[in-house]
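The structure under discussion appears below in the form of structure tokens.
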Amino acid sequence: MPGVKRERDDSVGVLTLDEPSSLNAMTPDLLGDLAAAIGEMTGDPEIRALVLTGAGRGFCSGQNLKAAAILGGDIVAGVMRYYWPAFQALRECRVPVVVAVNGVAAGGGFSLAMAGDMIVAARSATFIQVFSRIALVPDLGSTWLLPRLVGRQRALELMLTNEPLSADRAREWGLVRDVFDDAALLDGALALARRLASGPTRALVATRHLIEASEHSGYAEQFRREIETQAEIRRTADALEGRNAFLEKRAARFSGR
């Protein structure tokens with residue numbers, strides 16, 4: 001059945017958008033299944049990182065216009081009902097999320113890629129905003145995420161010109177962490193995810209929350225928020241293990257708790 005394929009690689013969950021005939025174009029069904037899949041995977045306490053990728057020749061080609069009618073006459077209500085839960089699940093995921101972009105990430109697919117924590121890309125991957133080409137504005141969080149990842153000027157350049165961004169240039173701009181030969185993309189994504197999965201999960205995710213909060217905070221407010229978070233995190237099992245490992249001069253063995 002089309003939708004999102006669920007697989008597991010030890011402590012890493014692998015989610016694959018699996019509608020390759022449309023380059024995994026967004027539909028309410030596809031994004032609804034993605035939200036469900038994230039919930040199912042992260043409901044397992046043994047899962048400590050996720051990889052999100054796409055089947056076939058592309059990661060996600062954006063909105064499937066044939067499915068737009070399902071959103072209803074109130075586009076705001078439709079998008080918030082059918083699409084927001086998947087984006088929220090990625091942004092608030094209890095484990096780190098690595099997005100492996102194969103082929104095109106266009107329009108809303110570009111937005112979806114940015115919703116994870118780190119992006120890796122196939123050498124053939126391209127990122128394109130598309131929206132102004134059809135007289136629309138960027139959406140699905142793109143105007144919040146892209147300037148924070150590449151800066152205001154570069155974000156505007158991509159959004160106003162619709163010029164495709166290659167994987168190598170995306171790495172130069174800081175959007176992409178690593179670029180792999182196409183056949184090596186999933187292995188590269190899994191290697192990064194396994195590294196994150198072996199880390200102190202709660203501290204990693206709390207770091208993500210602090211980074212996001214800092215976008216709306218003053219220095220003094222963020223200073224205090226960091227210490228409040230630290231006071232909570234230092235009571236975790238992983239923090240105790242980290243301190244013991246440091247004192248015992250050995251590598252820490254984190255459990256994610």
Side-chain angles (χ1 to χ4, degrees), residues 1-7 14-41 50-91 97-116 119-122 124-146 158-159 161-167 170 175-176 182 185-186 189:
M1 290 291 291
V4 177
K5 184 165 60 175
R6 287 93 152 147
E7 297 175 295
V14 182
L15 303 179
T16 305
L17 304 177
D18 195 21
E19 296 189 4
S21 63
S22 66
L23 296 180
N24 305 306
M26 292 179 176
T27 65
D29 286 344
L30 180 63
L31 287 194
D33 199 31
L34 176 58
I38 294 169
E40 291 166 16
M41 277 290 185
L50 291 181
V51 170
L52 173 63
T53 192
R57 297 180 297 108
F59 172 70
C60 178
S61 58
Q63 165 74 13
N64 186 327
L65 297 180
K66 295 179 180 178
I70 300 173
L71 298 177
D74 186 338
I75 188 68
V76 175
V79 168
M80 295 308 293
R81 176 182 177 184
Y82 292 111
Y83 287 5
W84 168 244
F87 284 82
Q88 182 181 30
L90 287 170
R91 296 299 293 178
V97 179
V98 175
V99 180
V101 174
N102 52 307
V104 68
F110 194 163
S111 302
L112 186 66
M114 292 188 289
I119 301 173
V120 297
S124 65
T126 56
F127 301 81
I128 185 166
Q129 280 288 298
V130 173
F131 299 98
S132 68
R133 181 183 296 174
I134 52 176
L136 296 176
V137 298
D139 60 17
L140 303 183
S142 194
T143 61
W144 195 92
L145 292 165
L146 190 55
L158 292 173
M159 290 172 174
T161 68
N162 295 307
E163 292 176 355
L165 182 68
S166 70
L175 177 69
V176 163
D182 289 24
L185 175 63
L186 186 56

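From a predicted model like this one, the values you see are computed outputs, not experimental measurements. Hydrogens, waters and symmetry mates are skipped; everything else that's a heavy atom, side chains included, is used.
- When the side chain to side chain donor-acceptor pair (under 3.5 Å) test is applied to Ser124, the partners found at least two apart in sequence or on another chain are Asp182.
- Partners of Leu23 under the side chain to side chain contact (heavy atoms under 4.5 Å, CB included) rule, at least two apart in sequence or in another chain, are Arg57, Ser61, Val104.
- In terms of modelled atom types and a separation under 3.5 Å, the side chain of Asn24 and the main chain of Gly58 share a donor-acceptor contact.
- The heavy-atom pair separating Ser111 from Leu145 by the smallest distance is O-CD1, 4.1 Å.
- Closest approach of Thr143 to Pro138, counting heavy atoms only: CG2-CB, 3.8 Å.
- Between Val130 and Ala106 the shortest heavy-atom distance is CG2-CB, 4.1 Å.
- Here Thr27 pairs with nothing under the side chain to side chain donor-acceptor pair (under 3.5 Å) rule; sequence neighbours left out.
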Which pairs would a plain distance check flag for residues 75-86, meaning a side-chain donor or acceptor within less than 3.5 Å of a matching protein atom at least two apart in sequence or in another chain?
| residue | atom | partner | partner atom | Å |
| --- | --- | --- | --- | --- |
| Tyr83 | OH | Gln63 | OE1 | 2.5 |
| Tyr83 | OH | Gln63 | NE2 | 3.4 |
| Trp84 | NE1 | Gln88 | OE1 | 3.4 |

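- Atom CG of residue Asp18 and atom CG of residue Leu30 lie 9.0 Å apart, to the nearest 0.5 angstrom.
- For Arg6, the salt bridge (Lys or Arg N to Asp or Glu O under 4.0 Å) partners are Asp33, Glu40, not counting sequence neighbours.
- Under the rule for a side chain to side chain contact (heavy atoms under 4.5 Å, CB included), the partners of Ala89 that lie at least two apart in sequence or sit in another chain are Ile38.
- Between the Thr161 side chain and the Glu163 main chain, a donor and an acceptor come within less than 3.5 Å of each other.
- Partners of Asn162 under the side chain to side chain donor-acceptor pair (under 3.5 Å) rule, at least two apart in sequence or in another chain, are Ser132.
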- Item | Full working for side chain to side chain contact (heavy atoms under 4.5 Å, CB included) between Leu175 and Met114 | CA-CA 8 Å; Leu175 177 69; Met114 292 188 289; 4.1 Å; yes

- Leu17/Val4 under side chain to side chain contact (heavy atoms under 4.5 Å, CB included): CA gap, chis, key distance, verdict: CA-CA 5 Å; Leu17 304 177; Val4 177; 4.1 Å; yes

- Task: Determine, step by step, whether Val98 and Val120 satisfy the side chain to side chain contact (heavy atoms under 4.5 Å, CB included) criterion, reporting the C-alpha distance in whole Å, the side-chain angles of both residues, the deciding distance to 0.1 Å, and the verdict.
- Result: CA-CA 7 Å; Val98 175; Val120 297; 4.2 Å; yes

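- In plain terms, the two heavy atoms of Asn64 and Ala25 that are nearest each other are CB-CB, 3.6 Å.
- To the nearest 0.5 angstrom, Leu71 atom CG is 11.5 Å from Met26 atom CE.
- Residues Leu165 and Leu158 are in side-chain contact: their nearest non-hydrogen atoms beyond the backbone lie under 4.5 Å apart.
- Annotation: ring pair (Phe, Tyr, Trp, His ring centres under 6.0 Å) contacts of Phe110 (sequence neighbours excluded): Phe127.
- Every side chain to side chain contact (heavy atoms under 4.5 Å, CB included) that Ala113 has, sequence neighbours left out, goes to Phe59, Val99, Val101, Ile119.
- When all heavy atoms of Pro20 and Gly56 are compared, the closest pair comes out as CB-CA, 4.1 Å.
- The backbone N or O of Glu19 lies less than 3.5 Å from a partner atom in the side chain of Ser22, making a donor-acceptor pair.
- Here the shortest heavy-atom pairing between Phe87 and Ala115 reads CD2-CB, 4.1 Å.
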- Query: Could you go step by step and tell me if Met41 and Val14 meet the side chain to side chain contact (heavy atoms under 4.5 Å, CB included) rule?
  - Reply: CA-CA 9 Å; Met41 277 290 185; Val14 182; over 6 Å; no

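- Residues satisfying the side chain to side chain donor-acceptor pair (under 3.5 Å) criterion with Thr53, sequence neighbours excluded, are Asn102.
- Between Leu34 and Leu52 there is a side-chain heavy-atom pair separated by less than 4.5 Å.
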